[in-house]
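As a basis for the values below, the full set of heavy atoms in this structure was taken, side chains included, without hydrogen atoms, waters or symmetry mates. Whatever order the structure lists them in is the order used to number ligands and atoms, beginning at 1. All values reported here derive from a predicted model rather than from experimental measurement.
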Amino acid sequence: MKHKITLIPGDGIGPEVSRSVQQIIAAAGVDVTWEEMPARAEVERTGTDYLHSGMIESIRRNKVALKGPLETGVIGGTRSINVGLRQELDLYSNLRPVRNLPGVKSLSSNVDIVLVRENTEDLYAGIEHTVIPGVVESLKIITERASTRIAEFAFQYARERKRKKIHAIHKANIMKLSDGLFLSSVRKVASKFPEIEYRELIVDNACMQVVMNPHQFDMLLLTNLYGDIMSDLAAGLVGGLGVVPSGNLGDEIALFEAVHGTAPDIAGKGIANPTALLLSAIMMLEHIHEMEAAKRIDAALRKVYSEGKSLTKDVGGSATTAQFTLAVINSLEKRQN
Ligand code: NAI
């Protein structure tokens with residue numbers, strides 16, 4: 001099978017971890033033609049908006065993209081490209097499987113939780129204004145349509161992957177209308193999936209429960225803001241953002257990305273850890289039906305972590321990005337034809 005995939009290497013360590021992942025995918029024998037987006041600084045130097053410099057068109061054409069981290073200013077400046085991509089391509093589901101990697105220092109072991117986060121609305125609709133100087137209003141938008149489709153995505157995913165239980169996370173005791181609409185929409189969908197146990201939990205309690213007893217959870221279904229916070233919280237249980245993948249999916253288009261940032265403190269030093277982007281690429285390979293290669297890369301990665309000899313500094317080793325990449329490639333089992 002041949003694949004054409006859009007690659008957005010990203011800023012900071014993005015190009016370094018992207019190269020590593022490209023090399024590993026090639027070594028696993030997957031035939032990918034990468035449509036690589038130019039570096040952001042190059043594009044913005046010409047006064048062109050990066051998001052609309054051919055990136056959206058390329059992803060629409062190829063339907064699949066892999067993305068490294070992109071820098072975002074905190075106050076003012078341009079809109080986040082990450083948020084822009086999700087909104088423009090209607091990538092309404094954010095999928096974050098959280099599992100331990102062997103040998104990575106973590107708060108909990110045997111964690112296996114999939115978080116499904118609504119990706120397009122809530123406080124991220126970006127509707128804010130100054131009412132009078134000193135008073136700002138941000139609107140939390142929740143719609144029945146978006147709540148229903150994210151619930152359908154989560155329950156369908158659970159059914160296909162044979163997951164057993166979904167907790168919807170909310171604050172409907174306080175935000176009775178907005179979170180209330182989310183919950184009532186999810187309940188309707190849940191009733192169509194009787195084989196999947198359905199529960200509800202208030203977000204603050206859910207945060208405590210995930211930390212104290214993560215093994216009671218199978219899948220979490222969340223609105224955008226709670227999903228953003230809880231997916232990082234869950235990642236923290238297994239060693240942080242460097243060891244968890246992420247996928248953003250719409251009806252036709254899927255974009256897989258590392259959820260860590262650009263790591264400006266180590267960019268260009270050749271010591272960045274490509275694991276998060278590689279795990280996201282494994283999800284991408286499953287999505288494009290390269291199951292066998294996905295399994296082999298996952299097994300090779302887990303072997304390298306179990307052996308612990310070629311790990312990068314952030315996870316307690318001293319290997320460079322190149323040494324880690326080579327160790328994964330050398331651990332790949334031969335392709336079964
Ligand atoms: P960060 O994730 O870039 O860095 C936090 C710490 O983790 C740093 O010490 C860094 O060296 C380390 N780190 C992160 N990824 C690593 C990797 N793969 N290997 C080894 N060490 C790693 O977070 P920070 O500093 O808050 O953000 C820096 C920039 O990244 C900002 O401009 C921010 O907007 C952007 N960002 C982009 C994201 C995305 O595109 N998805 C997500 C988060 C932040």
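E42 has no carboxylate O lying under 4.0 Å from a charged side-chain N of R40, or vice versa, which leaves the two without a salt bridge. Using a 4.0 Å cut-off between charged nitrogen and carboxylate oxygen, E35 and K4 count as a salt-bridge pair. The existence of a salt bridge linking E286 and K295 is excluded, since no basic side-chain nitrogen approaches an acidic carboxylate oxygen closer than 4.0 Å. Ionic pairing of D179 and K171 is not present here: no N-O contact between side-chain nitrogen and carboxylate oxygen is shorter than 4.0 angstrom.
Looking at D265 next to ligand 1, an N or O pair under 3.5 Å apart turns up.
Under 4.0 Å from ligand 1, the heavy atoms of A258 that appear belong solely to its backbone. Only the side chain of I266 comes within 4.0 Å of ligand 1, counting heavy atoms alone; its backbone N, CA, C and O stay farther away. Within the 4.0 Å heavy-atom criterion, the part of D314 lying near ligand 1 is the side chain and not the backbone. Residue contacts with ligand 1 for L241 are absent, since no atom lies close enough (heavy atoms, distance under 4.0 Å).
Of the listed residues (A263, A267, G14), the one carrying the non-hydrogen atom nearest atom 12 (C) of ligand 1 is A263. In this comparison of D232, I13, L70, the heavy atom closest to atom 16 (C) of ligand 1 sits on I13. Here atom 29 (C) of ligand 1 lies nearest to T262 when heavy atoms of T262, T321, L85 are compared. When G261, G12, P264 are ranked by how near their heavy atoms come to atom 25 (O) of ligand 1, first place goes to P264.
Not close to ligand 1: V17, with no non-hydrogen atom less than 4.0 angstrom away. Taking a 4.0 Å cut-off on heavy atoms, K67 registers as neighbouring ligand 1. The closest approach between a heavy atom of A276 and any atom of ligand 1 is not below 4.0 Å.
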(request) Apply side-chain contact (heavy atoms from CB on, under 4.5 Å) to the pair V64 and T6, showing each step before the final yes or no. (result) CA-CA 6 Å; V64 184; T6 303; over 6 Å; no

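In this view, E195 and R159, F193 satisfy the side-chain contact (heavy atoms from CB on, under 4.5 Å) rule, not counting sequence neighbours.
For the pair R163 and Y157, the cation-pi criterion (under 6.0 Å, within 45° of the ring axis) is not fulfilled. Annotation: cation-pi geometry satisfied between R117 and Y124 (NZ/CZ under 6.0 angstrom from ring centroid, within 45° of ring axis).
Those atoms of ligand 1 that come under 4.0 Å of a heavy atom in P69, given as number and element, are 39 (C), 40 (O). Here is the list of ligand 1 atoms found below 4.0 Å of a heavy atom in N273: 17 (C), 18 (N), 19 (N), 20 (C). Applying the 4.0 Å criterion to heavy atoms of E71 picks out, from ligand 1, the atoms 32 (O).
Ring orientation note: the planes of Y198 and F155 are tilted relative to one another, at an angle of 30° to 60°.
Aromatic rings of H170 and F182 (six-membered ring for Trp) have centroids beyond the 6.0 Å cut-off, not under it.
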